[in-house]
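Beneath this line is the structure, given in structure tokens, with notes to follow.
These figures come from a predicted structure and were not determined experimentally. Hydrogens, waters and symmetry mates play no part in the numbers below; they use all other heavy atoms, side chains included. Proteins get letters first, then strands, A, B, ... in listed order; numbering begins at 1 in each.
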Protein chains: 2
Amino acid sequence: MTGKTTSEEIVDVADRLFYEKGYEHTSFADIAAEVGISRGNFYHHFKTKDAILDAVISQRLTNTRAMLEQWETDGQTPEERIRCFIRILITNQTKIMDYGCPVGTLVSELAKLNHAAQNDANRLFTLFRDWLAIQFSALGREADAEDLAMHLLARSQGVATLANAFHDERFIRAEVDAMCGWLHARAQEAA
Amino acid sequence: MTGKTTSEEIVDVADRLFYEKGYEHTSFADIAAEVGISRGNFYHHFKTKDAILDAVISQRLTNTRAMLEQWETDGQTPEERIRCFIRILITNQTKIMDYGCPVGTLVSELAKLNHAAQNDANRLFTLFRDWLAIQFSALGREADAEDLAMHLLARSQGVATLANAFHDERFIRAEVDAMCGWLHARAQEAA
DNA sequence: GTCTATACCTGGATAGAC
DNA sequence: GTCTATCCAGGTATAGAC
């Protein structure tokens, strides 16, 4: 710690607070306080709140792309790679139980606000969907790869929403197992 | 039209606006304008914004109970009754594509706000879960009724979230069919 | 680049006349 | 029960000194 510029710190803090408290409920004062700068100084780095949101989404897109690439090398087979996706529900269990899915909750909030950045935020979803579709194709499910990708994305979203509401670890593990089972069956069908 | 009292009208409008715009993003001015009363008059009926939220949640609980009772009479078998639940995704398709699930999005928002009414809102979820569990038990799945209920609830939540993000009717219909297929398989296993 | 001070607006909430 | 007027807190944004 730390080669980070102030701008980068602002984006990191904003990223976390937007996730934990929601976009609208996070104020400049909240972010400035955590970064340890004055509110005035803030505007030297970002002109508007929308500009911070754009930077946060852009950073999330970059981080997500990096994570997907990591999974490409972590998983030897398409099935293993897709399991990496399913298992983020376990990896991020604590945060998901507290705040839900970072992508799903942001997209839902922006939809209600009818916010201009809606489409940008949606690209986080399409990133996962397209990557999953590629994996399902590699698994031999070229014909319905995109449907399978959407199905899995939907199930993980639903699990995140209910995990957030009920704070139930057992439920998450059971659903993760069920998704892995479902995945294996789809792989067997293809083979 | 209308035998409704002003208080009832306020709750109806607030219910709709909380769904469409979110709780925090809906102001007293928004509600007052749609009801057609002044902001000052507003406080004659509800002292605080939290009080309106309580009233809205309470009304939703009442309406939900009525809907579940209706499904009890609509469906001849437990499987048919559960299908009533699955099909709300089709019935409310347009609204879900625009605003997501009324229950899921409210619960998620209140979680981020760390709002006192979180637990009350969660009762909307438990209402569905418990009703579904009763139906699965009646279907002969006493042993795993609650797990099946949570699974179905999660899937419908996920479909609502992605339907909201992608505005994809075809996806909703495909997932509804898949859920009905899954349900039938569970019923066959029990028989 | 960082600060203080401040303008401006919105939103929740109150008082009091009618 | 309904209104107008008003207060106050908090949030976004700007100006300008250091």
Side-chain angles (χ1 to χ4, degrees), chain A residues 1-58 106 109-110 112-118 120-121, chain B residues 1-58 106 109-110 112-118 120-121:
Chain A
M1 102 176 275
T2 167
K4 267 188 231 157
T5 66
T6 304
S7 291
E8 287 167 345
E9 274 191 68
I10 289 173
V11 175
D12 284 346
V13 169
D15 190 348
R16 201 187 79 242
L17 291 182
F18 288 174
Y19 177 35
E20 293 176 358
K21 310 175 52 147
Y23 171 68
E24 197 176 27
H25 195 57
T26 300
S27 71
F28 280 32
D30 292 332
I31 303 171
E34 293 225 11
V35 174
I37 59 172
S38 72
R39 264 179 302 166
N41 185 10
F42 205 98
Y43 288 86
H44 175 71
H45 300 282
F46 293 95
K47 301 301 173 210
T48 67
K49 201 178 176 183
D50 289 358
I52 305 172
L53 179 59
D54 288 343
V56 166
I57 291 174
S58 163
L106 180 65
E109 182 180 2
L110 296 183
K112 299 241 187 224
L113 302 183
N114 202 16
H115 195 284
Q118 257 178 95
D120 291 328
Chain B
M1 96 182 276
T2 160
K4 268 189 231 159
T5 66
T6 304
S7 291
E8 286 168 344
E9 272 191 71
I10 290 174
V11 174
D12 284 346
V13 169
D15 191 349
R16 201 187 79 241
L17 291 183
F18 288 173
Y19 177 36
E20 293 176 357
K21 309 176 52 148
Y23 171 67
E24 197 174 26
H25 195 57
T26 300
S27 70
F28 280 32
D30 292 332
I31 303 171
E34 292 225 11
V35 174
I37 59 173
S38 72
R39 263 181 305 164
N41 185 10
F42 206 97
Y43 288 87
H44 176 71
H45 300 281
F46 294 94
K47 300 302 173 208
T48 68
K49 201 177 175 182
D50 289 358
I52 305 171
L53 178 59
D54 288 343
V56 166
I57 292 175
S58 162
L106 179 65
E109 182 180 2
L110 296 183
K112 301 242 186 222
L113 302 184
N114 202 17
H115 194 286
Q118 259 177 96
D120 290 330

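- At a threshold of 4.0 Å, the pair B/Glu34-B/Arg16 counts as salt-bridged, since one of the basic side-chain nitrogens sits closer than that to a carboxylate oxygen.
- Nucleic acid contact class of B/Ser7 (heavy atoms, under 4.0 Å, all strands): none.
- Chain B approaches DNA chain D over the interval D/dG1 to D/dT4, counting the first and last nucleotide 5' to 3' with an atom under 4.0 Å from its heavy atoms.
- Look at CZ on B/Arg39: it is 16 Å from P on C/dA15, rounded to the nearest Å.
- Within the model, atoms CD1 of B/Ile37 and NE2 of B/His45 stand 5.0 Å from one another, a figure rounded to the nearest 0.5 Å.
- Rounded to whole Å, atom C1' of C/dA13 lies 14 Å from atom CG of B/Asn41.
- A donor-acceptor pair is defined here as one N or O able to donate and one able to accept, closer than 3.5 Å; no such pair exists between the side chain of A/Glu109 and the backbone of A/Gly22.
- Atom CZ in B/Phe28 sits roughly 22 Å away from atom P in C/dC9 (whole-Å rounding).
- In this structure, A/Ser38 reaches the bases: a heavy-atom distance under 4.0 Å links it to at least one base atom across the strands shown.
- At the heavy-atom level, A/Tyr43 lies under 4.0 Å from base atoms of the strands shown.
- With values rounded to the nearest 0.5 angstrom, A/Leu106 atom CG is found 5.5 Å from A/Ile57 atom CD1.
- Classified by interplanar angle (parallel below 30°, tilted 30° to 60°, perpendicular above 60°), the ring pair B/Tyr43/B/Phe28 is tilted.
- The NE2 atom of B/His44 sits 19 Å away from the C1' atom of C/dG12 (whole-angstrom rounding).
- Side chain to side chain, B/Asp30 and B/His25 fail the donor-acceptor criterion of an N or O pair below 3.5 Å.
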